[in-house]
Amino acid sequence: MKRLTKKEEIIMNLFWEKGPMYVKDLQEYYDDPKPHINTLSTQVRTLESNGYIDHESFSGSFRYFAAVSRQEYSKMSMNSLIDKCFGKSYLSVVSSFVQDEKITLDELKELIDRIEKGKDK
């Protein structure tokens, strides 16, 4: 799946937070000046063609809903970032966190302990 643009991410966040809705309902969550309904409709259809959103039909109108959870998208984004920036090396990611002092060695040891304890179960 391709990465979301900023505008697409706004739309997806609304679907993740508010649940299924029609495009006209989606428009109501925007501050003024609200995007044109046709613009939103195009963006929603693009998200649908990319597999992020799906729809169900009610009396000739489409009610859209997220086809990908926020967690699934986060995981895909993280994997893509690691692939591109760290040559698919999760070890490089962790090493970078330690070097940049985003995680301490003690925290890393605690994480290793948790993982080892989880394997015993």
Side-chain angles (χ1 to χ4, degrees):
M1 270 185 170
K2 74 181 220 184
R3 198 151 161 78
L4 296 173
T5 66
K6 292 266 188 207
K7 289 180 181 183
E8 290 170 338
E9 202 166 296
I10 290 168
I11 292 170
M12 287 305 300
N13 279 319
L14 287 168
F15 277 107
W16 288 324
E17 292 167 13
K18 309 296 184 186
M21 66 184 110
Y22 299 93
V23 175
K24 64 179 172 52
D25 299 326
L26 178 65
Q27 186 186 38
E28 293 301 314
Y29 290 108
Y30 281 84
D31 293 330
D32 288 328
K34 296 180 186 300
H36 194 276
I37 193 80
N38 292 343
T39 302
L40 281 178
S41 183
T42 299
Q43 291 170 329
V44 166
R45 285 194 312 274
T46 299
L47 284 165
E48 185 175 27
S49 70
N50 289 331
Y52 286 104
I53 290 179
D54 204 349
H55 73 269
E56 49 196 0
S57 183
F58 290 102
S59 303
S61 294
F62 291 159
R63 186 171 75 165
Y64 295 92
F65 57 91
V68 173
S69 72
R70 187 188 309 260
Q71 293 78 14
E72 290 170 313
Y73 178 68
S74 294
K75 187 176 179 180
M76 287 184 297
S77 295
M78 179 66 76
N79 289 338
S80 176
L81 176 71
I82 291 168
D83 288 355
K84 289 178 187 173
C85 298
F86 295 94
K88 298 183 181 183
S89 172
Y90 288 79
L91 181 59
S92 293
V93 174
V94 174
S95 177
S96 174
F97 288 153
V98 172
Q99 288 173 344
D100 293 345
E101 298 179 359
K102 303 291 184 193
I103 185 172
T104 66
L105 287 174
D106 288 338
E107 290 171 326
L108 187 56
K109 288 175 186 176
E110 180 184 332
L111 178 60
I112 291 168
D113 286 343
R114 285 188 205 170
I115 292 168
E116 286 176 344
K117 287 176 184 173
K119 286 184 179 179
D120 292 339
K121 293 181 180 181

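One is the number of the first residue; the rest follow in order along the sequence. Not measured: the values here are computed from a predicted model.
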Under 3.5 Å donor-acceptor pairs involving side-chain atoms of residues 99-106, not counting sequence neighbours:
{"residue": "T104", "atom": "OG1", "partner": "E107", "partner atom": "N", "Å": "3.0"}
{"residue": "T104", "atom": "OG1", "partner": "E107", "partner atom": "OE1", "Å": "3.4"}

Using a 6.0 Å cut-off, check whether atom CZ of F97 has over 12 heavy atoms from anything other than its own residue.
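No, CZ of F97 has 12 or fewer neighbouring heavy atoms, counting only those of other groups under 6.0 Å.
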More than 12 non-hydrogen atoms from neighbouring residues, nucleotides or ligands closer than 6.0 Å to CG on D32, yes or no?
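Result for CG/D32: enclosed.
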For a quick check under 3.5 Å, do S80 and R3 share a side-chain donor-acceptor pair by atom type?
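The answer is no; no qualifying pair exists.
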If you compare all heavy atoms of A67 against all heavy atoms of G51, which two are closest, and at what distance to 0.1 Å?
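Residues A67 and G51, closest heavy atoms: CB-O, 3.7 Å.
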Could you check whether any side-chain heavy atom of [X] comes within less than 4.5 Å of a side-chain heavy atom of [Y], counting everything from C-beta outward?
X: L47; Y: L4; answer: yes
X: Y52; Y: F15; answer: no
X: L40; Y: Y30; answer: yes
X: Y64; Y: E48; answer: yes
X: M76; Y: N79; answer: no

If you group Ile, Leu, Val, Met, Phe, Trp and Tyr by side-chain heavy-atom gaps below 4.5 Å, do V98 and L81 land in one group?
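No, because V98 and L81 fall into different hydrophobic clusters, even though each may have its own neighbours under 4.5 Å.
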Inter-residue atom distance [X].[atom1] - [Y].[atom2], 0.5 Å rounding:
X: I112; Y: E110; atom1: CD1; atom2: CD; result: 11.0 Å
X: S77; Y: E72; atom1: OG; atom2: CD; result: 11.5 Å
X: I53; Y: T46; atom1: CD1; atom2: OG1; result: 9.5 Å
X: T39; Y: K34; atom1: OG1; atom2: NZ; result: 14.0 Å
X: Q43; Y: I11; atom1: CD; atom2: CD1; result: 4.0 Å

Spell out, as yes or no, whether a donor-acceptor pair under 3.5 Å connects the side chain of S95 to the backbone of L91.
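No, S95 side chain to L91 backbone: no donor-acceptor pair under 3.5 Å.
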Under the side chain to side chain donor-acceptor pair (under 3.5 Å) criterion, do S41 and R45 qualify, and how do the steps go?
CA-CA 6 Å; S41 183; R45 285 194 312 274; 2.6 Å; yes
side-chain hydrogen bond (donor to acceptor under 3.5 Å, both in side chains) pairs, two or more places apart, involving residues 7-24:
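Qualifying pairs, neighbours excluded: T5-E8, N13-R70.
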Contacts of type side-chain contact (heavy atoms from CB on, under 4.5 Å), residue E56, not counting sequence neighbours:
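side-chain contact (heavy atoms from CB on, under 4.5 Å) check on E56 returns F58, R63, F65.
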